[in-house]
Amino acid sequence: MANSAPRRPSRAETPSGSPYRWLDVELQGISGLDRVAENEFFEALEGVCSTQGRFDQLVEEVDARKGRAAAGLLAPPDEQPPTRTRTANGLWEVRWRFAEGEFRLYYAEPAGFPELLLALKYHWKWCPPHASSVEITARQDAEIAAAGRRFRRSAYFIE
């Protein structure tokens, strides 16, 4: 029997609770807190941008969309709403389609922090033309699992 419960909207599409605050996850590393998500974001863009101008443009596009999410305005008709991930309970996905490929952000909405949107993992979706949908899904699931591990290791995870 199909689940008839209504879809719970993300905070990112719920203006009544805004403004929300984005925080890129930081995890305890060898020398203190490592800026894991922020570093990953910049590294992902540096890996595909051939000019500083293009890098800046992609940063602005990602930041603008995150800004709309912080206001609770990340919703249709102009853009795709955030979606729950299939494999990691409590994680959401924001998608971009750029000339360089499909870009993803996995984030959490920590229960004990109703004002927070916690950026966990940025990555380019792996989808070469020769790959099977099974391979693509497996790679995507691995990225989601990594985001889930980061969330569980963060100071914002409450069981």
Side-chain angles (χ1 to χ4, degrees), residues 3 5-49 55-56 58-76 78-98 100-127 136-159:
N3 182 355
R7 175 187 168 277
R8 180 184 79 76
S10 165
R11 291 176 189 165
E13 57 183 323
T14 311
S16 63
S18 69
Y20 304 105
R21 180 174 56 95
W22 276 105
L23 181 66
D24 286 344
V25 70
E26 294 180 340
L27 298 175
Q28 192 67 37
I30 295 170
S31 61
L33 287 178
D34 290 332
R35 298 164 66 166
V36 177
E38 180 183 36
N39 291 341
E40 182 175 70
F41 172 57
F42 291 124
E43 288 169 9
L45 297 185
E46 287 170 354
V48 300
C49 294
F55 177 89
D56 294 343
L58 292 181
V59 168
E60 287 175 18
E61 288 187 40
V62 169
D63 285 348
R65 196 149 190 215
K66 286 175 65 181
R68 289 190 300 281
L73 300 173
L74 192 59
D78 295 336
E79 56 197 348
Q80 186 176 19
T83 56
R84 282 189 176 274
T85 61
R86 284 180 302 99
T87 58
N89 192 21
L91 298 189
W92 295 83
E93 176 183 46
V94 179
R95 301 171 182 172
W96 288 265
R97 186 178 300 269
F98 298 121
E100 293 82 1
E102 296 180 33
F103 194 65
R104 301 292 189 254
L105 163 60
Y106 301 115
Y107 73 96
E109 300 177 350
F113 303 87
E115 77 290 352
L116 190 62
L117 300 171
L118 184 63
L120 297 166
K121 180 129 184 64
Y122 296 90
H123 78 98
W124 291 101
K125 183 176 179 180
W126 181 84
C127 48
I136 293 169
T137 299
R139 293 270 187 120
Q140 185 97 0
D141 289 349
E143 298 285 0
I144 294 167
R149 285 190 299 276
R150 288 178 181 179
F151 182 42
R152 289 187 300 278
R153 287 182 54 207
S154 78
Y156 302 96
F157 180 72
I158 300 171
E159 290 192 67

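Note that the structure is a prediction, hence the values are computed from the model and not measured.
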Work out which heavy atom in Gly72 is nearest to a heavy atom in Pro15; give both atom names and the distance.
O-CD, 3.1 Å
Inter-residue atom distance Arg149.CZ - Ile144.CD1, 0.5 Å rounding:
11.5 Å
Heavy-atom pair of closest approach, residues Ser18 and Ala70
CB-O, 3.5 Å
Looking at Arg95 and Glu102, does any basic side-chain N land under 4.0 Å from a carboxylate oxygen?
no
Determine whether Leu73 and Glu13 make a side-chain contact, defined as any pair of heavy atoms from C-beta on separated by less than 4.5 Å.
no
Asp24 with Lys66: basic N within carboxylate O range, under 4.0 Å:
yes
Beyond-backbone contact of Phe42 with Glu38, side-chain heavy atoms, under 4.5 angstrom:
yes
For the student: nearest non-hydrogen atoms of Ile158 and Gly112, plus distance:
CD1-CA, 3.7 Å
Any carboxylate oxygen within less than 4.0 angstrom of a Lys/Arg side-chain nitrogen, looking at Glu93 and Arg104?
yes
In Å, rounded to the nearest 0.5 Å, how long is the span from CD of Glu46 to CG of Asn39?
9.5 Å
Side chains of Leu45 and Trp124: closer than 4.5 Å at any heavy-atom pair?
yes
Heavy-atom nearest pair, Ala12 first then Glu109, reads N-OE2, 3.9 Å
Looking at OG of Ser10 and CG of Leu74, how far apart are the two atoms once the value is rounded to the nearest 0.5 Å?
7.5 Å
State the CG-CD distance between Leu23 and Glu115, to the nearest 0.5 angstrom.
9.5 Å
Can you tell if the side chain of Phe151 reaches within under 4.5 Å of the side chain of Tyr107, non-hydrogen atoms only?
no
Residue from Glu143, Glu40, Glu26 passing salt bridge (charged side-chain N to carboxylate O under 4.0 Å, His left out) with Arg150
Glu40
For Ala69 against Leu117, the heavy-atom pair lying closest together:
O-CD1, 3.9 Å
Rounded at 0.5 Å granularity, tell me how far CH2 in Trp96 sits from NZ in Lys125.
14.5 Å
Quick one: closest heavy-atom pair of Gly148 and Leu91, and the distance?
N-CD1, 3.5 Å
Check whether any side-chain heavy atom of Leu118 sits under 4.5 Å from a side-chain heavy atom of Trp22, and report yes or no.
no
Distance alone, cut at 3.5 Å: any donor-acceptor contact between the side chains of Tyr20 and Thr14?
no
Students often mix this up, so state it plainly: with edges at 30° and 60°, are the rings of Phe103 and Phe98 parallel, tilted or perpendicular?
tilted
Give the ring-plane orientation class for Tyr122 versus Phe41, where under 30° counts as parallel, over 60° as perpendicular and anything between as tilted.
tilted
